Engineer: 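Here's a structure for you.
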Amino acid sequence: MLAQRDYSRLVELVWKKAPSKEIKQVAHQIQKTLNPHPAEQMQLNVPSMNQLTLEGVQHKYKETVLFFPSQGQTCHSYCTYCFRWAQFVGIKELQFQSNEIKHLVDYLKPRRKVSNVLFTGGDPLIMKTEILRRYIEPLLIPELDHITTIRIGTKATSYWPYRFVTDSDSDELLRLFEKCQKAGKTIAIMAHYSHPRELETSISQVAVQRIRNSGAIIRCQAPLIRKVNDDSSLWRDLWSMQVKLGMIPYYMFIERDTGPKNYFEIPLHKSLEIFQNAYKQVSGLARTVRGPSMSATPGKVVIDGVSHINKEKVFVLKFIQARNPDWVGRPFFAKFDPTATWLSDLCPAFGKQNFFFEETPEPIERALP
Ligand SMILES: *Cc1c(COP(=O)(O)O)cnc(C)c1O
Ligand code: SF4
């Protein structure tokens, strides 16, 4: 999956039986060139409070704060296309993580515009319920009544559905979800399903049922990946099955510009075609899904369509989430480019020099009232 040049470098070392230390060194060099922190997340998203940098926290969009619990920074399996691969390669300075839930609570208290916290990783549901509880329960205090939803990003519903059914602490986990509901917070399981196959086993369906019975809701998201799910009938089936099982289709993402992306990426116009072909074959109940969406530096940009305006063929785009909330929903246009695979490949249409968001300054304020 590596680019030819990187691949050849490693193959050569292996063939000449280079010492493993040397191979590792070259592998590390290559890793560093693969954009381990896409969308400038290290520089732009990590907040600070009274001169303290909040490790393991990202706050990019006003309403949502991300938390990366230390013990949740592995996964039930490793997807070759993982956009969080830098969490897993054993290089400390590349990792986001924290076990300081107190700092998060202090950060959230005065930020009344934050409505939800997203536990992410890795996979937070790698953690035993006992550990997860230490992160979640502190959020249930009255001073945080503005936090109405706790999201948990996970692949466990697919890769380890036993987490909700037969694991020794699965009942306890569901009781924890119920406790959050009683405290007035919705638990939203942000489930990663990339293929309808993942929903076919009875154990995965039982897991879904049990999560729903706890009062939690399940929203589904996945990236569009070449050779994994680049087929519209598969997305149609995936969304339909999610609706059938009582889940909510949420996002279709475009493969991010990190890791061995050349292998997995799909031209934007092709991604749009796959999305639209699937979207037009499902009922409105499944059209809660949005995409294809790029999580880029300024925000989440969705491709709405391809159009001809003044004889110019253009991509019609808009932000569905942005650093600057004023950008959300405003249509903008890029020159059609059949080879473009990411926002950074696109040029403004109509001979313009910049996209509008490149001309407006970003707000620095982070959801303080
Ligand atoms: C996607 C994302 C969110 C959540 O956005 P929603 O549109 O509310 O689901 C929050 N923070 C970051 C950094 C994200 O990429
Ligand atoms: S499930 Fe998500 S976090 Fe885990 S390896 Fe796959 S893409 Fe990465």
Side-chain angles (χ1 to χ4, degrees), residues 36-47 56-69 72-89 95-97 113-127 147-161 163 186 188-195 198 217 219-225 228-229 248-261 264 288-291 293-302 318-323 325 327-329 343 366-367:
H37 285 298
E40 298 172 66
Q41 59 181 7
M42 216 55 149
Q43 300 89 323
L44 297 179
N45 295 359
V46 180
V57 176
Q58 286 192 36
H59 192 183
K60 179 171 182 176
Y61 307 126
K62 209 188 249 176
E63 292 82 7
T64 308
V65 168
L66 272 53
F67 189 75
F68 296 71
Q73 300 316 313
T74 54
C75 209
H76 292 92
S77 180
Y78 295 110
C79 308
T80 41
Y81 53 80
C82 181
F83 79 110
R84 292 273 195 231
W85 61 270
Q87 294 293 94
F88 308 135
V89 294
Q95 260 188 340
F96 273 99
Q97 59 164 329
K113 286 179 187 147
V114 178
S115 66
N116 65 100
V117 171
L118 166 60
F119 286 95
T120 185
D123 192 329
L125 291 183
I126 272 285
M127 292 187 279
I147 307 296
T148 57
T149 301
I150 297 170
R151 307 195 216 190
I152 303 174
T154 189
K155 184 90 191 173
T157 46
S158 158
Y159 280 167
W160 194 251
R163 184 73 192 87
T186 295
I189 300 296
M190 309 302 290
H192 171 192
Y193 291 109
S194 333
H195 198 286
E198 294 170 281
I217 57 165
R219 295 182 183 272
C220 307
Q221 52 191 22
L224 174 56
I225 303 291
V228 173
N229 57 12
I248 305 166
Y250 191 60
Y251 273 137
M252 178 209 260
F253 291 119
I254 287 173
E255 158 70 4
R256 291 182 72 162
D257 56 342
T258 178
K261 66 174 174 107
F264 297 114
T288 47
V289 70
R290 288 159 310 151
S293 168
M294 291 176 266
S295 293
T297 307
K300 283 185 168 65
V301 175
V302 76
K318 73 167 187 255
F319 283 97
I320 45 176
Q321 199 57 270
R323 284 183 188 284
W327 299 345
V328 174
L343 185 63
R366 278 205 161 98

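Just the heavy atoms: all of them, side chains too, but no hydrogens, waters or symmetry mates, feed the values below. For ligands, and for the atoms within them, numbers begin at 1 and follow the listed sequence. Given the structure is predicted, the values throughout are model-derived calculations rather than measurements.
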Engineer: Please list, chain by chain and in numerical order, all residues satisfying salt bridge (Lys or Arg N to Asp or Glu O under 4.0 Å) with R163, sequence neighbours excluded.
Structural biologist: D169

Engineer: For a distance under 2.8 Å, give residue and atom name for each protein N, O or S atom next to atom 8 (Fe) of ligand 2.
Structural biologist: C82 SG

Engineer: As a quick check of understanding, evaluate side-chain contact (heavy atoms from CB on, under 4.5 Å) for H192 and C79, giving each step before the final call.
Structural biologist: CA-CA 11 Å; H192 171 192; C79 308; 4.2 Å; yes

Engineer: I'd like to know if S77 contacts ligand 2, where contact means a heavy-atom distance under 4.0 Å to any ligand atom.
Structural biologist: yes

Engineer: Step by step, work out the side chain to side chain donor-acceptor pair (under 3.5 Å) result for Q58 and Q41.
Structural biologist: CA-CA 8 Å; Q58 286 192 36; Q41 59 181 7; 3.3 Å; yes

Engineer: Could you report the tightest heavy-atom contact between G122 and Q87, atom names first, then the distance?
Structural biologist: N-CG, 4.4 Å

Engineer: Decide yes or no on side-chain contact (heavy atoms from CB on, under 4.5 Å) for S293 and I320, but give the supporting numbers first.
Structural biologist: CA-CA 8 Å; S293 168; I320 45 176; 3.9 Å; yes

Engineer: Contact residues of ligand 1 with a heavy-atom cut-off of under 4.0 Å?
Structural biologist: K60, Y61, T64, L66, R151, Y250, Y251, K300, Q321

Engineer: Hey, is the main chain of T120 close enough, under 3.5 Å, to the side chain of Q73 for a donor-acceptor pair?
Structural biologist: yes

Engineer: State which residues pass side chain to side chain donor-acceptor pair (under 3.5 Å) with N229; sequence neighbours excluded, sorted by chain then number.
Structural biologist: none

Engineer: More than 12 non-hydrogen atoms from neighbouring residues, nucleotides or ligands closer than 6.0 Å to CH2 on W85, yes or no?
Structural biologist: yes

Engineer: Do R290 and Y250 meet the cation-pi criteria used here (NZ or CZ under 6.0 Å from the six-membered ring centre, within 45° of the axis)?
Structural biologist: yes

